[in-house]
Amino acid sequence: MNYYLLEDNVVQQRRIQQIIESCQVFDQPISLLEALKADKLAKVILLDLEIRTVENVGLNVAKMIRQFDTMSQIIIVTTHSEMLEQGLKYHIGMIDFIDKAQSEILFTKRLLSAVTEAEQQIRLQSGTQSELITLPNGKKSESINLNDVIYMTSSQSQSHQLTVCCERKNIQIRTPVKSLPKLHQNFIQIHAAYVVNKSKVVAFDGQTNTVQLNNGVLLPCARKYLKSMRQLF
């Protein structure tokens, strides 16, 4: 799942990216709209109301988005909490209207809750259900939604130290790479250092032996795994 943010304040951009690491940031409505039109999948869109001191830009952008995209979920993130009533009149189907003036703890909790609800709505609309899986992490374990996992990669210096690249942020676990495909049928190994979630693979280039994932990342596919990858396409 992809995440987009319209925000012209650098401090607020960084603040939100610390919560949603994979969020793509735009400070101009036109460039955001172009990116959204190019992305045909349902996505989570966060909009600030005030851009370049113009207070209602975010709501106008939301109305334009709804002209070509009714599936994506919109979250308003703003300092203008007094505009909630006006926002409701725009009928943009927003998930939440979040005040940026809240404390960091409350803001983070509210934003994560809104994003989780947005993701659930998108999955319901697309007919996909969340499935919780357990990833081994040394003597402990990490539980995560299968749909959130994009790919997993090992550290160059420590093969058992893995990074799980998820839709919103990355997590670290400790387990051998070769153990991952046994955890779920959606996990497929494509390289000594990479295991991908098959549902996140959007393309395979047989000329360069590269796998493209839904977040735009390109990963190499080693020769010994080419056959299994070609079977997907």
Q: With no hydrogens and no angle check, do the side chains of Asn215 and Tyr151 hold a donor and an acceptor under 3.5 Å apart?
A: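 Short answer, no.
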Q: Any chance you could lay out the side-chain hydrogen bond (donor to acceptor under 3.5 Å, both in side chains) test for Arg15 and Gln12, step after step, and finish with the verdict?
A: CA-CA 5 Å; Arg15 181 189 192 190; Gln12 295 296 337; 3.1 Å; yes
Q: For the residue pair Tyr3 and Glu21, confirm or rule out a side-chain donor-acceptor distance under 3.5 Å.
A: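 The criterion, which ignores hydrogens and geometry beyond distance, is not satisfied for Glu21 and Tyr3.
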Q: Same cluster or not: Leu5 versus Leu112, using hydrophobic residues (I, L, V, M, F, W, Y) connected whenever any side-chain heavy atoms lie under 4.5 Å apart?
A: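 Cluster IDs for Leu5 and Leu112 match.
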Q: Checking the side chain of Thr134 only, and the main-chain atoms of Ser143 only, is there a donor and an acceptor separated by less than 3.5 Å?
A: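 Checking the backbone N and O of Ser143 against the side chain of Thr134, no donor-acceptor pair under 3.5 Å is found.
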Q: So, taking the atom named CD in Glu167 and the one named CD1 in Ile144, what distance separates them when rounded to the nearest 0.5 Å?
A: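 Going from the CD atom of Glu167 to the CD1 atom of Ile144 covers 9.5 Å.
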Q: What's the verdict on salt bridge (Lys or Arg N to Asp or Glu O under 4.0 Å) for Lys63 and Asp69, showing C-alpha distance, side-chain angles and the deciding distance?
A: CA-CA 10 Å; Lys63 285 187 67 175; Asp69 184 350; over 6 Å; no
Q: Leu41, Ile122: one ILVMFWY side-chain cluster at the under-4.5 Å cut-off?
A: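 The answer is no; the residues belong to distinct hydrophobic clusters.
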Q: Would Arg14 and Gln17 count as having a side-chain donor-acceptor pair, cut-off 3.5 Å?
A: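 Side-chain D/A pair, Arg14 to Gln17: absent.
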Q: Less than 4.5 Å apart, any side-chain heavy atom of Ile190 and any of Val196?
A: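 When only atoms from C-beta onward are counted, Val196 and Ile190 do touch, with a gap below 4.5 Å.
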Q: Quick one: CG on Asn197 to NE2 on His184, what's the gap to the nearest 0.5 Å?
A: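 So the CG of Asn197 and the NE2 of His184 are separated by 8.5 Å.
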Q: Can you confirm whether Glu117 sits close enough to Gln73 that some side-chain heavy atom of one is under 4.5 Å from a side-chain heavy atom of the other?
A: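 Glu117 vs Gln73: side chains apart.
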Q: Which residue pairs pass the salt bridge (charged side-chain N to carboxylate O under 4.0 Å, His left out) test when at least one of the two sits in residues 210-233, sequence neighbours left out?
A: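 Every pair satisfying salt bridge (charged side-chain N to carboxylate O under 4.0 Å, His left out) with a residue in residues 210-233: there are none.
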Q: Could you check whether any side-chain heavy atom of Ile65 comes within less than 4.5 Å of a side-chain heavy atom of Leu36, counting everything from C-beta outward?
A: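 Answer yes - side chains close enough.
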Q: Counting C-beta onward and ignoring hydrogens, is there a side-chain heavy-atom pair between Phe97 and Val77 closer than 4.5 Å?
A: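 Counting from C-beta outward, Phe97 and Val77 never come under 4.5 Å.
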Q: Less than 4.5 Å apart, side chain to side chain, heavy atoms only: is that true for Phe204 and Thr210?
A: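 Counting from C-beta outward, Phe204 and Thr210 never come under 4.5 Å.
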Q: Show, in sequence, the C-alpha distance, side-chain angles and deciding distance for Asp99 and Arg110, and conclude whether the salt bridge (Lys or Arg N to Asp or Glu O under 4.0 Å) test is met.
A: CA-CA 9 Å; Asp99 188 351; Arg110 182 75 173 269; over 6 Å; no
Q: Between Gln189 and Leu180, is there a side-chain heavy-atom distance shorter than 4.5 Å?
A: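 Leu180 vs Gln189: side chains apart.
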Q: Test of understanding: clusters of I, L, V, M, F, W, Y form through side-chain heavy atoms closer than 4.5 Å, transitively. Do Phe187 and Tyr225 belong to the same one?
A: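 Unlinked, Phe187 and Tyr225 end up in two clusters.
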Q: Look only at the side chain of Gln28 and the backbone of Ile30, and say whether a donor-acceptor pair between them is shorter than 3.5 Å.
A: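 The answer is no, because no donor-acceptor pair under 3.5 Å joins these two groups.
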Q: With no hydrogens and no angle check, do the side chains of Thr163 and Gln172 hold a donor and an acceptor under 3.5 Å apart?
A: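 The criterion, which ignores hydrogens and geometry beyond distance, is satisfied for Gln172 and Thr163.
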Q: Quick check: is Val61 connected to Phe68 through a chain of hydrophobic side chains (ILVMFWY, heavy atoms under 4.5 Å apart)?
A: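 Yes: a chain of side-chain contacts under 4.5 Å links Phe68 to Val61.
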Q: Measure the CD1-CD1 distance between Ile45 and Ile92 for me, rounded to the nearest 0.5 Å.
A: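 Taking CD1 in Ile45 and CD1 in Ile92, the distance rounds to 10.0 Å.
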Q: Quick one: CG on Leu32 to CE on Met64, what's the gap to the nearest 0.5 Å?
A: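 Nearest 0.5 Å value for the CG-CE distance: 9.5 Å.
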Q: Less than 4.5 Å apart, side chain to side chain, heavy atoms only: is that true for Glu7 and Glu50?
A: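 Heavy-atom side-chain distance check fails, nothing below 4.5 Å.
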Q: Are Leu59 and Leu49 close enough, and set up right, to give a side-chain contact (heavy atoms from CB on, under 4.5 Å), and what steps lead you there?
A: CA-CA 6 Å; Leu59 291 176; Leu49 293 185; 3.6 Å; yes
Q: Looking at side-chain heavy atoms only, is the closest gap between Val201 and Leu213 below 4.5 Å?
A: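 Result yes, sub-4.5 Å side-chain heavy-atom pair found.
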Q: Any chain of hydrophobic side-chain contacts (each under 4.5 Å) joining Leu219 to Leu226?
A: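 Result: yes, single cluster for both.
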Q: Before giving the answer on side-chain contact (heavy atoms from CB on, under 4.5 Å), spell out for Val44 and Ile75 the whole-Å C-alpha distance, their side-chain angles and the decisive distance to 0.1 Å.
A: CA-CA 8 Å; Val44 179; Ile75 300 170; 4.0 Å; yes
Q: Any sub-3.5 Å donor-acceptor pair from Lys198's side-chain atoms to Met229's backbone N or O?
A: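 Flag not set: sc Lys198 to bb Met229 has no pair under 3.5 Å.
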Q: Kindly give the heavy-atom pair with the smallest separation between Lys200 and Ile150, and that separation in Å.
A: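 For Lys200 and Ile150, the tightest heavy-atom pair comes out as CG-CA, 3.8 Å.
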Q: For Pro29 versus Leu6, what's the shortest heavy-atom pair and its separation?
A: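 Minimum heavy-atom contact is N-CD1, 3.9 Å.
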